[in-house]
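In what follows, chains are A, B, ... by sequence order, proteins preceding strands, each numbered from 1.
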Protein chains: 2
Amino acid sequence: MTTKELIIEKALTLFAENGYQGTSVKNIADAVGIKDSSLYKHFKSKKEIFDTIVQEMSTRMEQMSLGYGLPDEAGMESAAALYGALTLGDLLDLSKKIFLFYLKDEFAARFRRMLTIEQYRDREIYEVYRQIFMEAGITYQAALFEEMCRQGIFRSSSPEVMALHFYAPIFFLLNKYDQEPEKEEEALNVLEAHVREFARVYRQNQD
Amino acid sequence: MTTKELIIEKALTLFAENGYQGTSVKNIADAVGIKDSSLYKHFKSKKEIFDTIVQEMSTRMEQMSLGYGLPDEAGMESAAALYGALTLGDLLDLSKKIFLFYLKDEFAARFRRMLTIEQYRDREIYEVYRQIFMEAGITYQAALFEEMCRQGIFRSSSPEVMALHFYAPIFFLLNKYDQEPEKEEEALNVLEAHVREFARVYRQNQD
DNA sequence: GTCTATACCTGGATAGAC
DNA sequence: GTCTATCCAGGTATAGAC
């Protein structure tokens, strides 16, 4: 890992814990193992470090969520068929995988915390936070549920409301259990109960 | 309003906008209209101002949520009967009132933002945030739904999961529309769709 | 209880030797 | 690309006059 990458890495951790203003350039330099002045050979300001993180992590999040089995809009139709063919058990595994990605993935979790802290300070940060953690999930799932209703896998209902009912509890549990790693099992149990209930309410063929 | 109260008042606004570390003692003093040094006649440190806010707002939040028509546990049985007698329209009005309280009430909204920003910096802050915005709503509603199921107003289901399904979307919408006052109508429409769907799924007698 | 003045420190950032 | 040295602005907090 280059020094520049190491700076990004350590800065993200510190920003996620103490916020932008709560983290000094010296804190970052110490974590990296260099003097604070040396840091300015890699970035021209503290702000540039922060902006670089937001840029880079945004794209990395996109790639990762794709890699984690979330198909893109083009593949929505086949995705819907795929999800419909899933057993309840498969559906549970999938929702857990997504939940744990946002909760524990080394980049996703720190990035989410950093944006949560900084969203009120800067409008641009807020837009990124909103886009990734509010809009993206709902939009994708609404499209997916719409297709699944069309195919008769789900009972017809408003896809947007269904997406809200599916995603909001995940978002809530993410916030609730964020700082309690020892209660991960409890979190997963609640998540499972949520998905079971969701499936009970909306799936045409119970399994 | 005494100077001490005014300091709390202005500090809360600034902490909610810029965070604890993003707010200087001089910022607070300027907002109050005194010199920063004078402020130390009322509080012995910046930290003491913050702690006082957390203390005072916590109790004020309790009182207010009671005042806003959320009955205590002792009155749960009559509350359940009361909610059951409500028309769908009344249920919608009530959920909107609660949503708007957390979104716009002059104390609740600022307090929520402040805790959201500061939750990762200090374990105690996190506990307060968690208690007020995660546990309280779910616990109360789970007890209420349990009673309503017992009385046959709601279809029997896990009260905890029902509470999660009811409250999580409110929590999500609160976060989503927090910084977009111009989209309040949109937020209320989504909230309404959510409550309608919730009622459709769980209420025994549709109206 | 408010002011001015000041002490003391830490923060971000630059210059220049190696 | 790292270091030491330094600058300057701004932060928290105290002392003492009014």
Legend entry - Between C:dA13 (C1') and A:K35 (NZ): distance, integer Å: 16 Å

Inset, instruction - For B:K41, report the nucleic acid contact type (base, sugar-phosphate, nothing); a contact means any heavy atom under 4.0 Å. - result: base

Inset, instruction - For this output row, return yes or no: ring centroids of A:F172 and B:F172 closer than 6.0 angstrom. - result: no

Legend entry - B:F133/B:Y102 aromatic ring centres below 6.0 Å: yes

Inset, instruction - Decide if the gap between the ring center of A:F15 and the ring center of A:F50 is smaller than 6.0 angstrom. - result: yes

Legend entry - Lys/Arg N to Asp/Glu carboxylate O, B:E17 vs B:R113, below 4.0 Å: no

Legend entry - Spacing of A:D30 atom CG relative to C:dG12 atom P, expressed in whole Å: 12 Å

Inset, instruction - Send over the distance from A:D36 CG to C:dA15 C1', rounded to a whole Å. - result: 14 Å

Legend entry - Nearest to side-chain heavy atoms of B:I34, which nucleotide of C:dA13, D:dG11, C:dC3: C:dC3

Inset, instruction - Measure from CZ on B:F43 to P on D:dT12 and round the result to the nearest Å. - result: 15 Å

Legend entry - Short N-O contact, A:D178 and A:R112, less than 4.0 angstrom: yes

Legend entry - Nearest-angstrom distance from the residue atom CD of B:E48 to P of D:dT12: 15 Å

Inset, instruction - Could you tell me the separation between the NZ atom of B:K44 and the P atom of D:dA13, rounded to a whole number of Å? - result: 9 Å

Legend entry - Toward the 5' end of DNA chain C, by each residue's nearest nucleotide, B:H42 or A:S45: B:H42

Legend entry - Gap between atoms NZ and C1', on A:K46 and C:dT10 respectively (whole Å): 12 Å

Legend entry - Whole-Å distance separating the CD1 atom of A:I49 from the C1' atom of C:dA13: 12 Å

Inset, instruction - Kindly indicate whether the side chain of A:S37 and the base of D:dT2 share any N or O donor-acceptor pair separated by less than 3.5 Å? - result: no

Legend entry - Below 4.0 Å: OP1/OP2 of D:dG1 and any side-chain N or O of A:T2: no

Inset, instruction - Determine: side-chain N/O of A:S38 to OP1/OP2 of D:dC3, distance under 4.0 Å, yes or no. - result: yes

